[in-house]
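Notes follow once the structure below has been shown.
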Amino acid sequence: MSRLTKKSPSVCTDEPLENPDLCQRFDCLRQLLRSCFGPSGRLKHIRNNIGGHVITTSTSSVLLSAASSSQPAVRLLTTSILNHVSRFSDCGLFAAVLCLSLVDQAARRQSGLRRDVAIRVNKHLLRMCTDYLQREDCGCKVRLDFCSSRSLITLARSVISSKPGCVLTELEAVHISKLAVQAFVLTVPCDSPGTVRLGRTVTVSVEGQPVLDSAVFSGLLLDVPDASSLGNVENLQSNPLQMVLLGVSLSGDLSDLGDGTLEVHRGADADSQVLDQLLELGKQVVKDEVKLFVCQKVIHPVLQQYLRQHGVVVVERVGAALMEPLSQLTGAQPVATLQTTIPAKAYGQVKDLTIRQFGSKTMLHLHPAGEPVICTMILCHRNETMLNELKVACQKTEHVLRLTLREPSALLGGGCTETHLAAYIRNKSVHEAPEAAKVLGCSQSQYLLGLEAFCRSLESVAAALQHSGGSSLIDLTHGHHWTLHSDTAEIQREDALGSCGCGLVESGPHVKWTHLNTKYSDFSPAPLSKNAAVYPRVLDSFTAKINALQVAVETANLVLDIRYIIQDVN
Amino acid sequence: MFGSAVVNQRQHVGLQELSALAGATRSCLGPSKNYKFIQDETSGESTLVCSCFRLLENLDLSCAVGQLVNETVQSHQKVYRSGSGSLLFLAGAWSRAALECLQRGISIAHIISAMSEGMDICLDVCRKYSVATSALCASPSENCSATCQVLERELLKKPAGRALQVSSLTRETPEVSHKTRNTSGRQRVKLTHSRHFYEAKSEKVSTVPRPHSQDSKDVDITHIAGAVSHGCDDSMSLVVEASRLQTENGEQDFSRCTFDITKVVTCILPGLPEERACVLPGCVVLLSAEQASVALHVKDQRLKVALINGDLSETYRHLGFNRPAGVRQVTSMSGLGSLSKEEEWLESVLTSLLKLSVNLILVSGVACEKLIQRCYTHHILVVEKVRASILRAFADATGAVPVTYATQLSKHCVGSGVQAAVWRDLSSQEKKSSVAVNISTNNNTGLVTVILTSCIHGKLQALEDQFWACAYRLHHALKDKALLPGAGEIEMLCVHHLKKRAQHHVKPSRESGEQANAGRAASPYRHVVLHLMADGFIDYISTVMVNTGRCTKVKAWTALSQQLQNSNAASNFSTKALLESETQGGTMSPDMKSNETAAGKVYDNFNVKVELWRKALDLVFLVLQTDAEIITGVDHKTVGTQSANLMLL
């Protein structure tokens with residue numbers, strides 16, 4: 001007789017946002033992510049409950065993918081942010097903090113704002129924001145000038161220095177930013193007609209070396225664990241060198257049998273049969289005067305020995321990630337089968353081979369024969385934790401720089417875009433409140449409440465940049481963001497403030513400030529006079545940020561719209 | 001599932017953990033280390049450790065900070081083989097400094113920027129006061145270079161608390177004294193147990209008569225080795241001896257003294273007294289008595305050698321070879337009588353070995369027992385578990401090519417010119433009879449074996465660690481070509497410069513608009529942070545002093561602060577003023593001073609020290625900037641019982 005376990009019925013939660021448990025979780029996540037935000041953000045140790053490897057990070061992508069929640073509403077939010085990060089790399093924390101603030105503002109019962117109104121107002125204001133940001137005369141947008149590397153370096157530096165886990169000094173941050181821009185420039189082909197295909201940057205990390213040893217090389221660097229086996233690679237005669245790239249394992253084992261079985265007679269040696277086949281390949285390659293033999297996977301030692309004896313440089317186990325860059329660099333087509341002879345057009349070419357040493361790593365440098373669109377970035381740092389964080393930061397930077405090709409603009413960083421935007425929509429909405437309220441089908445006071453919630457949320461993102469108890473201010477002319485450290489007295493305020501978050505506005509006697517969380521009379525934020533001498537110190541990616549804004553508002557609206565949560569608890 | 005513990009800012013738990021962990025390894029600092037027992041209560045097993053990295057290795061570190069510390073220390077140890085104790089100590093000291101800063105309400109950004117600046121100051125100090133290894137062994141006449149003068153005067157303001165444990169020098173050989181800057185015949189003072197006072201133990205080595213042509217070169221290494229021996233004179237003399245053997249017998253240039261650490265092998269012999277430790281050219285391995293009889297048989301022959309990467313067995317396959325799951329063997333009736341697969345393999349390997357007349361096989365992995373037996377009957381010696389670098393050295397020396405499979409062996413893969421000789425029969429000492437066999441090549445490749453012995457089994461690992469620490473210190477000294485004045489001197493210089501800068505900064509910080517523009521407003525707390533950082537160094541030196549002798553913590557601090565004040569009072573670092581101040585302090589005997597100025601000064605490795613400082617500070621930065629811990633995979637039900645500050649997500 002089989003025993004039946006009674007299935008427990010699904011759990012349905014009505015009005016989940018009224019539920020204090022969920023609110024607490026959202027609040028916890030909000031605090032957690034806010035504290036990670038910006039260059040002085042706090043790091044988090046992530047480990048599992050049995051004490052595995054510890055990750056130390058403040059990067060949204062690492063943080064959110066490690067921290068999974070049992071709450072569907074929280075999961076909805078994190079998935080949405082992760083999806084944004086996977087597409088645009090940057091501004092993940094911005095999106096998350098803004099989204100959580102919007103939810104928090106609207107879910108507060110005492111605010112008197114109806115959630116359905118909040119959703120409509122949010123949508124309306126989002127459109128207003130994006131329209132403004134797309135405008136030519138937008139006060140917080142900067143055209144990127146590709147004639148000089150300056151703006152690109154600033155952009156890169158803003159991304160890199162927003163990751164405090166890299167523990168970089170000012171000098172090191174500049175060095176890495178320059179390298180990131182150099183790598184980016186190397187991957188843009190100079191004169192290829194027709195569709196432009198961007199190259200790739202391959203990142204190699206070397207632990208234990210100083211950061212300033214990091215460098216960018218055109219071409220590819222392959223890790224070779226046993227340098228003594230390379231022989232005299234630098235004296236290879238022919239130029240360019242013929243090379244072959246293999247995507248199959250040459251370890252000499254029988255290829256995957258699947259579920260079937262193979263019956264082998266005694267005396268028949270399958271291994272040696274396969275090895276003979278490998279050696280056939282070796283013979284052909286030697287005959288075709290191949291000088292460099294690269295395999296994604298393992299090469300049988302006998303084949304290696306054979307090839308080396310015939311003066312071929314052998315590199316094995318390069319890994320799947322390097323196959324595409326290798327094929328792009330050399331023009332070789334990865335050989336995927338051993339059954340047929342290698343066609344002549346599958347061979348690729350490299351100009352030259354050199355050996356480079358980075359700390360304990362020996363690398364074989366493949367110089368491109370044609371135009372170098374593939375480059376390798378060697379990242380050095382003193383320990384693994386910082387190196388991992390630096391690697392993530394550099395990959396983000398690469399992506400952000402690429403996005404500038406699609407839209408050559410950037411937004412002012414340091415919280416200035418957020419406060420400026422808030423000031424702009426406050427001013428604009430107040431004037432058109434009656435019409436807007438009518439269109440949105442709500443009372444004017446409800447509309448103003450929604451507006452206030454939205455602006456507060458934007459401003460709270462700017463305020464999240466401050467972590468040491470200082471206060472955030474906004475100036476009443478341009479609407480830029482300023483931070484006042486907790487240890488400065490009110491009297492010295494003018495001196496202590498220096499310049500605004502992005503560095504465009506200087507402090508002075510004519511500037512009036514107010515604290516961000518106080519009510520201020522609305523004003524139209526004035527665009528800055530075009531002064532070529534003053535350049536923003538911090539820039540954010542335009543494309544990433546505008547998308548992050550949309551993702552944040554839409555996700556918040558979705559969360560606010562949840563009426564029931566039905567969970568299968570079996 | 002996900003929990004996060006938010007830590008109170010002013011009582012940073014992570015920093016406290018770091019500081020506590022560092023406290024546990026306090027006694028690992030300095031030249032005289034105390035052994036510690038680590039006992040596992042569940043299994044009852046215990047381990048004897050005396051170094052920081054071994055301690056951490058044997059601890060069950062479950063907290064995030066502990067893991068971070070362990071990762072950092074082990075990665076440092078892997079490369080440098082020394083300084084792990086200092087690393088953790090300084091991490092602890094600076095985490096206390098950071099805690100103090102937090103308690104005074106200094107923001108994290110300010111702490112980090114000030115501490116980074118402090119580190120830059122220290123690194124500048126290191127660069128400025130570093131001594132080229134070549135200057136270390138130059139003749140007295142050349143010694144009046146600028147660096148040396150700097151050194152001389154720094155020499156005179158050494159920590160006073162070191163005037164402990166003084167015993168007179170018993171042996172003095174004329175061969176040494178004419179090379180050192182000391183005049184021979186003067187009664188010198190030797191300090192034992194203290195790296196601070198330890199002076200180059202060159203006499204042991206120099207009593208061995210050497211060809212004259214190398215003399216000047218060889219002194220280099222002896223001097224440098226003495227300078228970085230840090231009290232481990234016995235181990236260091238083994239290192240020097242190894243280097244001497246490498247230089248002397250090496251076919252390569254006599255022009256420079258060499259020490260190739262990749263060609264040094266250690267061989268551990270338990271049961272012998274420690275004094276029996278020695279260095280031999282060639283590679284000494286322990287073999288069973290049976291195997292050794294083969295060695296006896298081939299005693300005076302020039303052997304042919306085969307090198308095998310991996311295991312030598314029928315079933316072994318190279319890395320990355322996957323055995324397919326679905327292969328079944330089908331045996332026909334006629335096949336039953338034939339040999340098994342392993343037998344076939346044995347036959348074929350043996351045939352090829354005999355055909356190539358190989359007498360010696362060096363295997364990096366293990367060899368199958370049956371094959372060893374077969375080889376034994378054919379007088380072929382099989383040596384297992386040979387290190388990869390040694391295999392390479394044999395490959396270079398004999399022309400042999402390492403192969404993965406015995407079937408790969410061909411004529412050109414086999415090297416020749418190797419000798420095997422029984423070095424010592426240890427069957428009397430050990431229960432399991434074993435014989436030490438020395439395998440060497442005619443044309444010396446620089447392969448040397450260091451035999452380490454101890455009657456106490458538990459001490460052997462510590463002895464081996466100590467030997468490698470010494471070997472790597474010498475290796476790094478030769479590689480860096482620069483050293484730092486040791487015995488806490490460079491730390492004192494850093495303290496001095498940090499404090500000087502701290503005073504310097506109090507005034508201009510308010511007006512410097514430039515710095516504010518640079519995005520990093522000048523911190524009014526900079527001087528506090530720098531002072532606290534300097535105190536970390538003082539804590540370090542005083543702990544070394546306490547560990548070294550029996551001087552109390554208070555005494556050490558007093559002596560150090562006295563010394564600092566003296567150096568501050570003197571407007572310029574004139575030697576004379578310092579000399580006087582030292583005598584007034586009355587902490588250093590005149591005898592001592594003469595010794596200090598002698599060649600037997602203590603030095604530290606440049607890169608090792610700089611790296612460990614940076615790593616220690618990085619560790620503090622990482623922990624300092626962390627405010628929460630995210631624990632994944634937490635079970636909902638157990639959470640209730642766990643700490644109250646766990647929040648669920």
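If you're wondering where the values come from, they're calculated on a predicted model, not measured in any experiment. A, B, ... follow the sequence lines: proteins, then strands. Residue 1 opens every chain.
Annotation: the span from A:Thr385 atom OG1 to B:Asp618 atom CG amounts to 9.5 Å, rounded to 0.5 Å. Note that the CD1 atom of A:Ile55 and the CG atom of B:Leu68 stand 11.5 Å from one another [nearest 0.5 Å]. Remark: A:His300 NE2 to B:Phe321 CZ distance equals 6.5 Å, nearest 0.5 Å. Rounding to the nearest 0.5 Å places OG of B:Ser116 at 10.5 Å from CG of A:Leu168. Here the OG1-CD distance, from A:Thr169 to B:Glu117, works out to 12.0 Å after rounding to the nearest 0.5 Å. If you take CZ on A:Arg382 and NE2 on B:His76, they are separated by 13.5 Å, rounding to the nearest 0.5 Å.
At most 12 non-hydrogen atoms from other residues, nucleotides or ligands lie less than 6.0 angstrom from CD of A:Gln24.
With a 4.5 Å cut-off on non-hydrogen atoms, B:Leu319 touches chain A through its backbone and its side chain both. Interface remark: A:Val298 contributes side-chain atoms only to the contact with chain B (heavy atom separation under 4.5 Å). Interface remark: A:Gln309 contributes side-chain atoms only to the contact with chain B (heavy atom separation under 4.5 Å). Contacts between B:His412 and chain A at a heavy-atom distance below 4.5 Å involve the side chain alone, from C-beta outward. Proximity to chain B is limited to the side chain of A:Val167, based on heavy atoms less than 4.5 angstrom apart.
In plain terms, the two heavy atoms of B:Leu622 and A:Thr56 that are nearest each other are CD2-CG2, 4.2 Å. Between A:Pro301 and B:Tyr405, the shortest heavy-atom distance links the atoms CG-CE1, 3.8 Å. Scanning both residues, B:His318 and A:Ser251, for their nearest heavy atoms gives NE2-O, 2.8 Å. In terms of heavy-atom proximity, B:Gln625 sits nearest to A:Gly41 at OE1-O, 4.1 Å. Shortest non-hydrogen contact noted between A:Val54 and B:Glu71 is N-OE2, 4.4 Å.
B:Ser75 is listed as a side-chain neighbour of A:Glu207, based on a closest heavy-atom distance under 4.5 Å. The shortest side-chain heavy-atom distance between B:Cys413 and A:Gln305 falls under the 4.5 Å cut-off. Residues A:His45 and B:Ile630 are not in side-chain contact: their nearest non-hydrogen atoms beyond the backbone lie 4.5 Å or more apart. A 4.5 Å side-chain heavy-atom check between B:Ile631 and A:Asn48 finds every atom pair outside the cut-off.
Put simply, of B:Lys615, B:Arg614, B:Arg317, the one with the most heavy-atom pairs under 4.5 Å next to chain A is B:Arg614.
Remark: A:Lys44 engages B:Asp627 in a salt bridge, criterion side-chain N to carboxylate O under 4.0 Å. Between B:Glu629 and A:Arg47, at least one side-chain N (NZ, or NE/NH1/NH2) sits under 4.0 Å from a carboxylate O, which counts as a salt bridge.
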